[in-house]
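What's counted below: heavy atoms across the whole structure, side chains too, no hydrogens, waters or symmetry copies. In this text, all values refer to a predicted model and were calculated from it rather than measured experimentally. A, B, ... follow the sequence lines: proteins, then strands. Residue 1 opens every chain.
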Protein chains: 2
Amino acid sequence: MKIDPDHPSGLSAQIADAIRDAIVSGRLIVDERLPSEAELAEQFDVSRPTVREALKRLAAQSLIRTQRGATGGAFVNRLSYQDAYPQAITTATLLLSMNDVAFETACEARFALERACAPLAVERRTPDQLATMRAEIFRQGQPGLTDEAFCASDVAFHRALVDAAGNPVLSYALAGAVEAMQPLMNMITFTARSRERIGALHTALADAVEAGDAPGALAELDAIETYTKELARAVLDARAQARQER
Amino acid sequence: MKIDPDHPSGLSAQIADAIRDAIVSGRLIVDERLPSEAELAEQFDVSRPTVREALKRLAAQSLIRTQRGATGGAFVNRLSYQDAYPQAITTATLLLSMNDVAFETACEARFALERACAPLAVERRTPDQLATMRAEIFRQGQPGLTDEAFCASDVAFHRALVDAAGNPVLSYALAGAVEAMQPLMNMITFTARSRERIGALHTALADAVEAGDAPGALAELDAIETYTKELARAVLDARAQARQER
DNA sequence: AGACTTTTAAATGTCTGACAAATGAAAATC
DNA sequence: GATTTTCATTTGTCAGACATTTAAAAGTCT
């Protein structure tokens with residue numbers, strides 16, 4: 001492992017890259033212990049703080065975990081979906097908010113992905129997953145629910161649909177998109193009328209899933225997408241008009 | 001901003017979390033300059049190396065960038081798709097390789113996502129994107145192409161299809177899944193016969209996209225998925241048999 | 001006065017050395 | 001033999017220092 005002291009990216013970044021490569025390529029396997037910080041400092045011919053900065057970079061990506069004590073050290077982490085979700089959601093949230101992605105673009109992507117899951121969900125959904133969907137629909141019908149809670153329940157409902165497809169890779173790919181959209185969705189779901197309509201649409205979707213009716217489920221997803229976009233357009237138009245009058 | 005010195009996660013992790021929260025919630029906006037390391041150290045009542053470890057964690061997620069010099073410092077980074085792609089791919093690759101995801105599961109997810117893109121791609125594809133698809137098909141037909149190059153071209157072809165949907169959110173969601181599968185795909189695409197067949201399937205898919213035939217494109221994607229799974233099954237069966245005879 | 005050069009201050013990048021705290025293993029004791 | 005104590009190892013943190021980069025300020029020359 002060689003490090004170029006004059007490389008503009010910095011020593012700690014190079015060391016982090018070298019170790020990350022070793023992990024991704026399989027030269028370092030799960031639960032293997034890395035050399036101690038002092039040993040790494042000697043190997044790369046840098047100081048311990050520099051090594052530590054590199055290790056913290058890897059820890060930020062959940063690639064390693066550290067343990068103090070006699071038999072402690074840095075260990076290659078088995079990257080779990082649990083570890084990866086929050087990172088993916090943070091990244092997706094910032095990508096949407098910082099790049100001025102149009103609501104319609106995010107919405108289109110979300111429902112396109114959900115339609116990809118729907119046929120599988122219809123085929124494989126467990127009674128438990130169906131019960132979760134029904135429970136969230138019930139929650140959404142409760143009066144006095146805050147807008148944030150309603151949206152959280154909406155996300156939970158759609159996540160149950162996605163998870164019903166029984167494919168963790170799909171669930172992971174969708175999690176970022178759906179969760180990252182929640183702030184945007186929050187802005188547009190605030191009228192009592194839309195809650196009733198959304199509840200009816202959700203019920204129809206759950207019915208189709210329960211009945212094993214794939215085309216029906218797809219049609220309901222289309223209806224939900226159309227309605228969501230309609231709401232968004234109305235909200236944005238109203239906002240534009242308010243701006244103009246001001 | 002409060003920091004608990006006795007929290008088991010460590011000081012630098014807490015500081016990183018605090019700053020990350022500020023970025024995600026919008027209290028720190030893009031291109032805003034963070035206080036200098038010395039100032040942060042004083043604010044959080046920790047030493048400069050500890051602050052630096054926290055900043056390196058954020059830099060590892062591309063949330064900040066640092067600049068040396070008089071007007072330098074740490075700045076909130078505008079997270080771009082370019083920055084986010086490699087991270088997502090690393091994460092997805094490790095998730096697949098470390099968690100023993102079945103090839104069929106990854107394959108199913110990939111084609112489900114591509115089917116989600118197909119109708120949009122048929123509608124919106126530019127002549128340029130169609131030309132890219134044709135060019136990759138041509139490349140795949142060249143004799144003497146290494147397996148790795150063939151697979152890379154295969155990925156490029158499918159990426160062109162996804163990009164043709166004209167939705168960056170979709171492209172991003174798919175990039176991880178498709179790229180992360182490449183090592184697995186490499187294992188199963190090594191027979192000359194499969195290349196011919198794959199070329200024919202790709203051509204049919206490109207034709208459907210060009211003709212604006214959405215159902216046709218979906219059907220071709222189904223055919224490619226079925227064939228890919230067939231190949232994988234054959235390879236895995238042969239390998240199992242070889243293991244038994246040994 | 002204006003353009004060019006030099007100086008300077010601020011900031012990150014890195015190093016050295018040190019101590020604290022946790023932790024498991026070995027040694028000592030009952 | 002079981003329990004307690006000691007101890008070595010390793011990460012976590014701190015303090016202070018110097019190197020390097022960079023842009024602005026000061027100075028200088030035409």
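Checked against D:dT20, D:dT22, D:dC14, the side chain of B:Arg68 finds its nearest nucleotide in D:dT20. Distances from the side chain of B:Thr71 to the nucleotides C:dG24, D:dA23, D:dG12 place D:dA23 closest. Checking D:dC14, C:dT16, D:dA23 against every side-chain atom of B:Ala70, the shortest atom distance belongs to D:dA23. Checking C:dT14, C:dG13, C:dA10 against the side-chain heavy atoms of B:Glu37 singles out C:dG13 as nearest.
Atom-to-atom, CG of A:Leu40 to P of C:dC15 comes out at 14 Å; the value is rounded to the nearest Å. The separation between A:Glu53 atom CD and C:dT12 atom C1' is 10 Å, rounded to whole Å. Rounded to an integer number of Å, the gap from CG of B:Leu11 to C1' of C:dA21 is 12 Å. If you measure from atom CZ of A:Arg65 to atom P of C:dA22, you get 20 Å, rounded to the nearest angstrom. One interatomic measurement links the two molecules: CZ of A:Arg33 to C1' of D:dT9, which rounds to 9 Å at whole-angstrom precision. As rounded to whole Å, 13 Å separates atom P of C:dA11 from atom CG of B:Leu34. If you take CZ of A:Phe75 and C1' of D:dT10, they are 10 Å apart, rounded to a whole angstrom. Between the CZ atom of A:Arg48 and the C1' atom of C:dC19 there is a distance of 11 Å, given to the nearest Å.
For B:Thr66, no side-chain nitrogen or oxygen approaches OP1 or OP2 of C:dA11 to under 4.0 Å. Here A:Arg52 reaches the OP1 or OP2 of D:dG12: one of its side-chain N or O atoms lies under 4.0 Å away. One finds no side-chain N or O of B:Ser12 lying less than 4.0 angstrom from the OP1 or OP2 phosphate oxygen of D:dG12.
We find that B:Arg52 and B:Glu37 are joined by a salt bridge, their nearest charged nitrogen and carboxylate oxygen being less than 4.0 Å apart. Salt bridge present: A:Arg110 and A:Glu114 bring a charged side-chain N and a carboxylate O closer than 4.0 Å. Salt-bridge formation is detected for the pair B:Arg65/B:Asp31: a Lys NZ or Arg NE/NH1/NH2 atom is positioned less than 4.0 Å from an Asp or Glu carboxylate oxygen.
Both B:Gln67 and A:Pro49 lie close to DNA chain C; mapped to their nearest nucleotides by heavy-atom distance, the more 5′-ward contact belongs to B:Gln67. Of the residues near DNA chain C, A:Thr50 and B:Leu55, the one whose nearest nucleotide (by heavy atom distance) lies more toward the 5' end is B:Leu55.
The closest donor-acceptor contact from the side chain of A:Glu32 to the backbone of A:Ile29 lies under 3.5 Å.
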Is there a side-chain hydrogen bond (donor to acceptor under 3.5 Å, both in side chains) between A:Thr93 and A:Thr90 once you walk through the steps?
CA-CA 5 Å; A:Thr93 302; A:Thr90 298; over 6 Å; no
